[in-house]
Amino acid sequence: MTATISLSPTHEDRLSSTSPTSSPLRLSLAPVGAAPALLDGAWWPRSRDLGAELPALTAVLEPLWGRITRVTVNPTHWPVVPRKVPVAGHVVKVGWFLPEQDPHELLLLSYHVGRWDLLVVPPRTDPVSAAWLMAAASDPLGTSTASRLMEQAARLRTVTETDRAVEAVWDSEGGHGVRDPAARPRIPAAMPEGGDRAAAPVATPNRPMGM
């Protein structure tokens with residue numbers, strides 16, 4: 001699958017000219033003016049090297065959000081957390097939190113806008129799961145944390161793989177492996193938790209303070 005920027009229509013024209021490399025940034029943001037949600041979008045980096053990945057991200061976000069001054073991560077999935085990362089025209093300070101910050105989340109702070117939270121899609125995620133995660137994280141009505149979305153994506157992937165295995169066995173047996181068609185295993189339709197928006201809301205986690 002070709003890597004693309006997934007953004008709301010109001011962003012596309014502005015971002016297409018700001019990407020600093022020939023490879024489009026894999027980013028999805030909630031629509032402009034949307035009601036506040038737990039996540040503001042998703043970022044799918046190509047590696048776990050913050051020094052290499054952050055300059056391209058800030059180059060795209062700063063025209064929208066103002067200068068990014070600080071970034072924080074949970075070091076669980078980042079082998080090296082540099083204290084500072086040079087980006088276009090300035091330096092971004094990098095911090096980390098263990099219990100206070102979701103391990104699948106990147107927090108950004110800007111002079112003008114404030115705080116933004118992005119789900120970090122693991123670099124080696126398969127394209128189908130990545131597309132689902134990026135869409136879910138940029139849903140302005142979303143109520144799931146980054147870790148909860150990762151869990152939901154893993155369950156959906158398991159259901160899909162099981163379904164394919166059942167189909168493969170069925171096809172290899174010419175569709176006659178089970179005498180009674182009604183006895184053929186059925187894979188329930190998968191849908192994210194909280195698909196019914198009338199369900200009880202998810203509590204908002206404590207956000208790191210004092211940066």
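Quick note: numbers below take in every heavy atom, side chains included, and nothing from hydrogens, waters or symmetry partners.
T158 places a side-chain N or O within 3.5 Å of a backbone atom of A154 that can act as its donor or acceptor partner. Between the side chain of N74 and the backbone N or O of L98, at least one donor-acceptor pair lies under 3.5 Å. Of the possible polar contacts, one joining the T58 side chain to the P55 backbone as a donor-acceptor pair under 3.5 Å is found. Remark: side-chain polar atoms of S138 are not paired, donor with acceptor, to backbone N or O of A30 under 3.5 angstrom. D102 contributes a side-chain N or O that, together with a main-chain N or O of S147, makes up a donor-acceptor pair within less than 3.5 Å. Remark: the backbone N or O of A130 is not paired with any side-chain donor or acceptor of T125 at under 3.5 angstrom. Distance alone, capped at 3.5 Å, is enough to place a donor-acceptor pair between the R26 side chain and the P45 backbone. E53 places no side-chain N or O within 3.5 Å of a backbone atom of L57 that could act as its donor or acceptor partner.
Looking at R48 and P122, their side chains come closer than 4.5 Å, going by heavy atoms from C-beta outward. Using a 4.5 Å heavy-atom threshold, the side chains of L107 and Q101 count as touching.
Using a 3.5 Å distance cut-off with no hydrogens or angles, the side chains of S47 and D49 do not pair a donor with an acceptor. E62 and H90 are linked by a side-chain donor-acceptor pair at a separation below 3.5 angstrom, with hydrogens and angles left out of the test.
Note: T72 OG1 to R115 CZ = 7.0 Å, rounded to the nearest 0.5 Å. In this structure, CG on L106 lies 7.5 Å from CG on L50, to the nearest 0.5 angstrom. With rounding to the nearest 0.5 angstrom, the OG atom of S129 is 8.5 Å from the CE atom of M150. Between the CZ atom of R148 and the CG atom of L119 there is a distance of 14.0 Å, given to the nearest 0.5 Å. How far CG of L25 is from CH2 of W44: 12.0 Å, rounded to the nearest 0.5 Å. Atom CG in L108 sits 9.0 Å away from atom CG in D40 (nearest 0.5 Å).
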Open item on the list: If you apply the rule side-chain contact (heavy atoms from CB on, under 4.5 Å), what do you find for L118 with V120, and how did you get there?
Closed with: CA-CA 6 Å; L118 297 179; V120 179; 5.5 Å; no

- [ ] Take W43 and V60 through the test side-chain contact (heavy atoms from CB on, under 4.5 Å) and record every step on the way to the result.
- [x] CA-CA 12 Å; W43 175 44; V60 169; over 6 Å; no

Task: Test log, rule side-chain contact (heavy atoms from CB on, under 4.5 Å), inputs T145 and L149 - done: CA-CA 6 Å; T145 64; L149 287 180; over 6 Å; no

Task: Stepwise side-chain contact (heavy atoms from CB on, under 4.5 Å) test for L109 and I68 - done: CA-CA 6 Å; L109 295 176; I68 303 300; over 6 Å; no

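In the hydrophobic clustering of this structure, V71 does not group with V80; members are Ile, Leu, Val, Met, Phe, Trp, Tyr whose side-chain heavy atoms approach within less than 4.5 Å, directly or through other members.
For the pair H77 and P103, the tightest heavy-atom approach, listed with the atom from each and the gap, is CD2-O, 3.3 Å. Between S144 and L39, the shortest heavy-atom contact is O-CD1, 3.8 Å. What you find for R67 and G89 is that their closest heavy atoms are NH2-O, 4.2 Å. A146 and H104 make their closest contact through CB-O, 3.6 Å (heavy atoms, listed as atom of the first residue, atom of the second, distance). The minimum heavy-atom distance between R46 and P24, with the atom names listed, is NH2-O, 3.1 Å. The two residues G142 and A37 have their closest heavy-atom pair at O-CB, 3.7 Å.
Under a cut-off of 6.0 angstrom, the local environment of CH2 in W78 is crowded, with over 12 non-hydrogen atoms contributed by other residues, nucleotides or ligands.
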